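None of these values were measured; they are calculated from a predicted model. Within every chain, numbering begins at 1; the chains are lettered A, B, ... in the order of the sequence lines, protein sequences first and strands thereafter.
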Protein chains: 2
Amino acid sequence: MPVGLSQTEIEQIDRVVSNRKRVNKGQSLFNAGQRFDAMYAVRSGFFKTLITAPDGREQVTGFQMAGEILGMDGIVNSQHTCDAIALEDAEVCVMPYDNMEAISRDFPTLQHHIHRVMSRELVRDQGMMMMLGSMRAEERLAAFLVNLAQRLNARGFSASEMVLRMTREEIGSYLGMKLETVSRTFSKFVDDTLIEVKQRHIKIINMDGLRSLAAPEARSL
Amino acid sequence: MPVGLSQTEIEQIDRVVSNRKRVNKGQSLFNAGQRFDAMYAVRSGFFKTLITAPDGREQVTGFQMAGEILGMDGIVNSQHTCDAIALEDAEVCVMPYDNMEAISRDFPTLQHHIHRVMSRELVRDQGMMMMLGSMRAEERLAAFLVNLAQRLNARGFSASEMVLRMTREEIGSYLGMKLETVSRTFSKFVDDTLIEVKQRHIKIINMDGLRSLAAPEARSL
DNA sequence: CGTAGTTTTGAGAGGCGTCAAGGAGCGTGG
DNA sequence: CCACGCTCCTTGACGCCTCTCAAAACTACG
């Protein structure tokens, strides 16, 4: 996972993260309230994280795919604050936190890597606030699709065709809108020939159009 | 700032964070795009952080007061991703990142503390997503007031009376609503005798009422 | 092939945004 | 000391975006 590590470092790290764990579709990797003692790197599969309010309302806070890290929010109180649920059969690397902490003292590269991963998550969260706080439904969904396509592409998949692993309701929860609005907005994108939709198969026809929806240019004047 | 440190540790850390910096009201501590080389601990005063979209829309991502940390989002790309602006004359401790990294290798307590601070911010962000994604204007503003009162109280101020350091527009940006809606909602809270409002002076009359608005109980059945 | 879950689509309602006008507080300068 | 202008705040009227409620179509799975 980390780059720029020496052979020795890699071996050390391997000893820490060699433990694998399978999580079947629908199962949770961890739940809010559970004791935190490890973070997890997704090796394969697809996860969602969500938090639940006292009144039962759920908010999906993220979708994680291969290479992304889960559970960092648990450090502060030694207990997880969200549920992580596999949306398809998945495998993760278990990274016991105490070991990570200990080893990163000897390997500055790893230490810095951990900071970068957490920092990246903070930046992502800022973007989420921007989305949820000041974008309209269309813009949010377009940004969501563009982001998903980009992440899939970075993993060697097609940037234009994808199979969503989550329901409309989960997308809606993530984007702060109702499932009906997600569905309607998808339909509107189809009408505008931006995408093609067949159930959870999405084909992006006009990526530039989506992008311009997701991040509108500065108004001329 | 950190707790549970030995005298030696504290001295070491002091050497790193002894640099102070003043920031006058309205000035920025750093701006998005600037090179990142230090994080900052607020000693006194009050900050807002905000990000700006390509089309100029701004989103306030947080308000920081004494003891809180600014700039952690800059680690990942060695450049700040948001602006930090003082809402009143302020003073911060400058914590050069390279030094922090180096010293935290020798002091596990500090190392863990850094992780906790970043993790706490991740948890806060999750809460923000919940607010922005699935709460209504009333609930958001109530949660905002309750949170502010709690943080002020933790710093030795009254939990029931406060002076807002930010405008209605900044509150609105933070909470994903327009300034008019913030104003109207304040007025509604006054009508409901939850608070008293005189410009930026807020007096909380019925904290329990606010709390129940901010985090509605599970519906009976 | 039936059943449950998911998705689409419609109709109507409502919360919040937009546009607009006026008022209050405050620093500055005559 | 008061007038002026600026920024910020409040309130009203109206409209739209999104939610709510509802029904039907489609898919997956047992």
Side-chain angles (χ1 to χ4, degrees), chain A residues 24-26 48 55 57-60 85 87-89 131-142 144-145 163-192 195-203 213 216 219, chain B residues 24-26 48 55-60 85 87-89 131-142 144-145 162-192 195-203 213 216 219:
Chain A
N24 290 328
K25 178 174 176 175
K48 68 170 174 181
D55 65 346
R57 275 181 292 193
E58 291 184 352
Q59 172 74 33
V60 171
I85 296 174
L87 296 181
E88 61 179 1
D89 291 353
M131 287 234 307
L132 295 170
S134 45
M135 295 176 100
R136 290 170 315 110
E138 240 177 69
E139 301 172 319
R140 291 181 218 176
L141 192 60
F144 171 73
L145 289 176
V163 178
L164 300 179
R165 299 273 112 99
M166 71 293 278
T167 67
R168 302 287 191 264
E169 185 168 21
E170 286 161 341
I171 296 173
S173 173
Y174 182 60
L175 298 177
M177 50 209 255
K178 293 293 159 185
L179 69 93
E180 294 94 330
T181 306
V182 175
S183 180
R184 270 186 251 275
T185 308
F186 270 137
S187 298
K188 181 173 189 319
F189 286 172
V190 171
D191 290 346
D192 298 349
I195 62 176
E196 284 173 7
V197 176
K198 194 177 296 176
Q199 288 295 121
R200 299 198 184 176
H201 291 70
I202 306 281
K203 184 172 181 179
L213 263 183
R219 312 193 170 193
Chain B
N24 289 328
K25 178 173 174 174
K48 69 171 174 180
D55 64 346
R57 277 182 290 193
E58 290 185 353
Q59 172 74 32
V60 172
I85 295 174
L87 295 181
E88 62 180 359
D89 291 353
M131 286 236 304
L132 295 170
S134 47
M135 295 176 100
R136 291 170 314 112
E138 240 177 67
E139 300 172 319
R140 292 181 218 175
L141 192 60
F144 172 73
L145 289 176
M162 57 179 116
V163 179
L164 301 179
R165 297 273 113 100
M166 70 294 279
T167 67
R168 301 289 191 264
E169 185 168 21
E170 286 161 340
I171 297 172
S173 173
Y174 182 59
L175 298 177
M177 49 208 255
K178 292 293 157 185
L179 69 94
E180 294 94 330
T181 306
V182 174
S183 181
R184 269 186 251 274
T185 308
F186 270 137
S187 299
K188 181 173 188 318
F189 286 171
V190 171
D191 290 347
D192 298 347
I195 63 176
E196 285 174 5
V197 176
K198 194 177 296 176
Q199 290 295 121
R200 298 199 183 175
H201 290 71
I202 307 281
K203 185 174 182 179
L213 264 183
R219 312 194 169 191

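Rounded to 10°, the helix from C/dC1-D/dG30 to C/dG30-D/dC1 has 40° between the axis fitted to its first five pairs and the one fitted to its last five.
Considering only residues two or more places apart in sequence or on other chains, A/Arg200 meets the side-chain hydrogen bond (donor to acceptor under 3.5 Å, both in side chains) condition with none of them. Scored by the side chain to side chain contact (heavy atoms under 4.5 Å, CB included) test, A/Arg184 finds A/Glu180 as partners (sequence neighbours excluded). The side chain to side chain contact (heavy atoms under 4.5 Å, CB included) search around B/Val190 returns B/Ile195, B/Val197, not counting sequence neighbours. Shown here are the salt bridge (Lys or Arg N to Asp or Glu O under 4.0 Å) partners of B/Lys48, two or more places apart in sequence or in another chain: B/Glu170. Checked against side-chain hydrogen bond (donor to acceptor under 3.5 Å, both in side chains), B/Lys188 has the following partners two or more places apart in sequence or in another chain: B/Asp192. With sequence neighbours excluded, no residue satisfies salt bridge (Lys or Arg N to Asp or Glu O under 4.0 Å) with A/Arg168. A search for side-chain hydrogen bond (donor to acceptor under 3.5 Å, both in side chains) contacts involving A/Ser183 returns nothing, not counting sequence neighbours.
Pairing each heavy atom of B/Met135 with each of B/Glu139, the nearest pair is CA-OE1, 3.2 Å.
On the nucleic acid side, DNA chain C contacts chain A at distances under 4.0 Å to non-hydrogen atoms, with the end points of that region at C/dT6 to C/dA11.
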For a quick check, with a 4.0 angstrom heavy-atom cut-off, what is the B/S/- contact string for nucleotides 24-30 of chain D, read 5' to 3'?
---S---
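Two residues are said to be in side-chain contact when any heavy atoms from C-beta on lie closer than 4.5 Å; B/Thr185 and B/Met177 meet this criterion. You'll find the side chain of A/Leu141 stays beyond 4.5 Å of the side chain of A/Thr181, heavy atoms only. Side-chain contact between B/Val182 and B/Phe144: absent, with no pair of heavy atoms (C-beta onward) separated by less than 4.5 Å.
Between A/Met135 atom CE and D/dC17 atom P there is a gap of 16 Å when expressed in whole angstrom units. In this entry the distance linking CD of A/Glu138 with C1' of D/dC16 reads 13 Å, nearest Å. Regarding B/Glu196, its CD atom lies at a distance of 18 Å from the P atom of D/dC9, rounded to whole Å. The interatomic distance linking A/Glu139 (CD) with D/dC17 (P) rounds to 12 Å, in whole Å.
Less than 4.0 Å separates DNA chain D from at least one heavy atom of each of the following residues of residues 177-184 of chain B: B/Leu179, B/Glu180, B/Ser183, B/Arg184. Residues of residues 168-176 of chain B having a heavy atom closer than 4.0 Å to DNA chain C, listed by number: B/Gly176.
The shortest distance between the side-chain N/O atoms of B/Arg200 and the OP1/OP2 oxygens of D/dC9 is below 4.0 Å.
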Please report the C-alpha distance between A/Ile171 and A/Glu169 in whole Å, then the side-chain angles of each, then the deciding distance to 0.1 Å, and finally whether the side-chain contact (heavy atoms from CB on, under 4.5 Å) criterion is met.
CA-CA 5 Å; A/Ile171 296 173; A/Glu169 185 168 21; over 6 Å; no
Go through A/Ile202 and A/Leu164 one step at a time and tell me if the side-chain contact (heavy atoms from CB on, under 4.5 Å) criterion holds.
CA-CA 7 Å; A/Ile202 306 281; A/Leu164 300 179; 3.7 Å; yes
Would you please test B/Tyr174 and B/Arg140 for side-chain contact (heavy atoms from CB on, under 4.5 Å) and show each step?
CA-CA 10 Å; B/Tyr174 182 59; B/Arg140 292 181 218 175; over 6 Å; no
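No donor-acceptor distance shorter than 3.5 angstrom exists from the side chain of B/Ser134 to the backbone of A/Gln59, with no hydrogens or angles considered.
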